[in-house]
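Start at 1 and go down the list; that is how both ligands and their atoms are numbered.
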Amino acid sequence: MRLSRYFLPLLKENPKEAEIVSHRLMLRAGMIRQQAAGIYSMLPLGKRVLDKVCNIIREEQNRSGAIEILMPTIQSADLWRESGRYDDYGKEMLRITDRHERDLLYGPTNEEMVTDIFRSYVRSYKDLPLNLYHIQWKFRDEIRPRFGVMRGREFLMKDAYSFDLDFEGARAAYNRMFVAYLRTFERCGLKSIPMRADTGPIGGDLSHEFIVLADTGESEVFCHRDYLEMDVPGADVDFTDDAQMASIVEKWTTPYAATDEMHDEAEWEKTPIPERLSARGIEVGHIFHFGTKYSEPMGAVVTGPDGKQHAVSMGSYGIGPTRLIAAIIEASHDDNGIIWPESVAPFGAGIINMKPGDAGCDSWSDDLYAKFAAAGVDPLLDDTHERAGAKFAAMDLIGLPWQVTVGPRGIGSGVVEVKNRKSGEKQELSPEAAVNLIAKGA
Ligand code: ATP
Ligand code: MG
């Protein structure tokens, strides 16, 4: 992409309304635009990052055996009356009436709808396990939307729903999602810690929030320092091996980790003091087993091997991709701007042409651009006539992993300057060497 033809509305001033760094940087880097309280447009740079994040989520959901669908945002109130949640949900639900006076709502979540899909088609335990997910906008009329896309009213969610014959099957489904979540957040460049979460009236221990530590997080959390060093399962992990899944989950749930809601002082004190980490965190994902809460009232039943009818045992599994972007920025930035992990960076490298219009600078920049594109590093070429300082500041702000500067002096000695955004390290390399170095990570 050439910056002169792109749409990248950077802000020079710090927006007054932004209280936390991710919100400030997303506005300044031209990623998002607020359209109403807690409701945002994704501008081109933001949309690119969102697509990258969603693709990682999708790949890991698919790898774990979940199947993608797409349910609508608008739902019928009648479905929610079947589960009893239409009256229970309260003011967070946006209720709508259509021209025929029918009650609709903008979905805050999709348990009822997916249960309706399930009950319409699935009759036998032989069709299980089944896990259906989608990535779709949700609306929750949060009383205090704040921090940009961190706590929006309209926000994107990946929500998956598992269906199994019995609790044992549901636990295996839960474990698969647990492992998929570890991998997903790691691939987004984040350290996430699964923490015991409230199971409410369902009981049991199958509810975990995946927390990213950050000073600006809304939750107070307590965990063992061991989590900071634990290795996430690799891509070769076998999702069809229930025992392997269970042992990974066991390993990741043995050291103490809880949010303040579930915090247990007596248990916490068993962790040696130097190993205790009490911090703040951002909930980026939540997995939850709820058994027959919806399948029973809504008649989602299958015939079991015993020939009898069983209400299926269910779980739901959410990730907020828009919140995840903010969490990535909270975890990875400096005073000059965002520092994207390569896996989610909007472009693989930025090329700065110091003197557009100069024949040498133009041809070197174009040549690098073509070489990067051919090597699979999606480049952003700054071919504008801004002054040098502004160009460098803009590149730092938008946080591409690599910056390559092409100027008349370097051309004279056959080199370009390559800067790593994260380390700040600079080196002078031939264009070929620059492409080789940067393409390695792509
Ligand atoms: P919170 O406790 O932060 O309000 P929640 O527990 O209500 O969230 P879930 O129903 O568990 O949220 O939703 C699953 C995921 O969706 C969350 O882990 C989070 O990543 C994301 N999410 C939830 N609410 C919002 C929101 N208002 N804005 C952005 N993302 C959200
Ligand atoms: Mg939650």
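Atoms of ligand 1 found under 4.0 Å from any heavy atom of Val284 (numbered from 1 in listed order, with element): 18 (O), 20 (O). The ligand atoms of ligand 1 that sit less than 4.0 angstrom from a heavy atom of His286 are 11 (O), 18 (O). In the vicinity of Val149, heavy-atom distances shorter than 4.0 Å reach the ligand 1 atoms 29 (C).
With no hydrogens or angles considered, no side-chain donor-acceptor pair links His263 and Glu261 at under 3.5 Å. Defined by atom type and a distance below 3.5 Å, a donor-acceptor pair is missing between the side-chain atoms of Gln136 and Asp159. No donor-acceptor contact under 3.5 angstrom links the side chains of Ser162 and Tyr174, judged on distance only. For the 3.5 Å distance criterion, the side chains of Thr109 and Glu111 qualify, holding a donor opposite an acceptor. His286 and Tyr181 share no donor-acceptor pair across their side chains, judged by distance under 3.5 Å alone.
At least one heavy atom of Met150 sits closer than 4.0 Å to an atom of ligand 1.
Distance from atom 22 (N) of ligand 1 to its nearest protein heavy atom, with residue and atom name: Phe155 CE1, 3.5 Å. What sits closest to atom 28 (N) of ligand 1 on the protein, heavy atoms only, is Gly152 N, 3.0 Å. Nearest protein neighbour of atom 19 (C) of ligand 1, counting heavy atoms only, is Arg323 NH1, 3.5 Å. Closest protein heavy atom to atom 3 (O) of ligand 1: Arg151 NH2, 2.8 Å. Shortest contact from atom 2 (O) of ligand 1 to any protein heavy atom: Glu283 OE1, 3.4 Å. Looking at atom 16 (O) of ligand 1, its nearest protein heavy atom turns out to be Met157 CE, 3.7 Å.
Other residues, nucleotides and ligands contribute at most 12 non-hydrogen atoms within 6.0 Å of the CD1 atom of Ile143. The environment of CZ in Arg33 is sparse: at most 12 heavy-atom neighbours from other residues, nucleotides or ligands sit within 6.0 Å. The number of heavy-atom neighbours closer than 6.0 Å to CG of Asp98, taken from other residues, nucleotides and ligands shown, is above 12.
Judged by the 6.0 Å distance and 45° axis criteria, Arg276 is positioned over the aromatic ring of Trp268. Geometric assessment of Arg81 against the ring of Tyr86 yields a positive cation-pi assignment under the 6.0 Å and 45° thresholds. Cation-pi geometry between Arg2 and Tyr369 is met: the NZ or CZ atom falls under 6.0 Å from the ring centre, inside 45° of the normal.
Each of Arg85, Arg119, Glu112 was evaluated against Tyr294; a single residue qualifies, Arg85, per the side-chain hydrogen bond (donor to acceptor under 3.5 Å, both in side chains) test.
At a heavy-atom cutoff of 4.0 Å, ligand 1 is contacted by no atom of Arg153, backbone or side chain.
Checking only distances, Thr322 never comes within under 3.5 Å of ligand 1, N or O to N or O. Here's the thing with Arg140: one of its N/O atoms is less than 3.5 angstrom from an N/O atom of ligand 1. Any N or O atom pair closer than 3.5 Å counts here, and Gly320 shares at least one such pair with ligand 1.
Around the Mg ion (ligand 2), protein N, O or S atoms at less than 2.8 Å number 2.
A donor-acceptor pair under 3.5 Å links the side-chain atoms of Arg48 to the main chain of Pro346, judged by distance alone.
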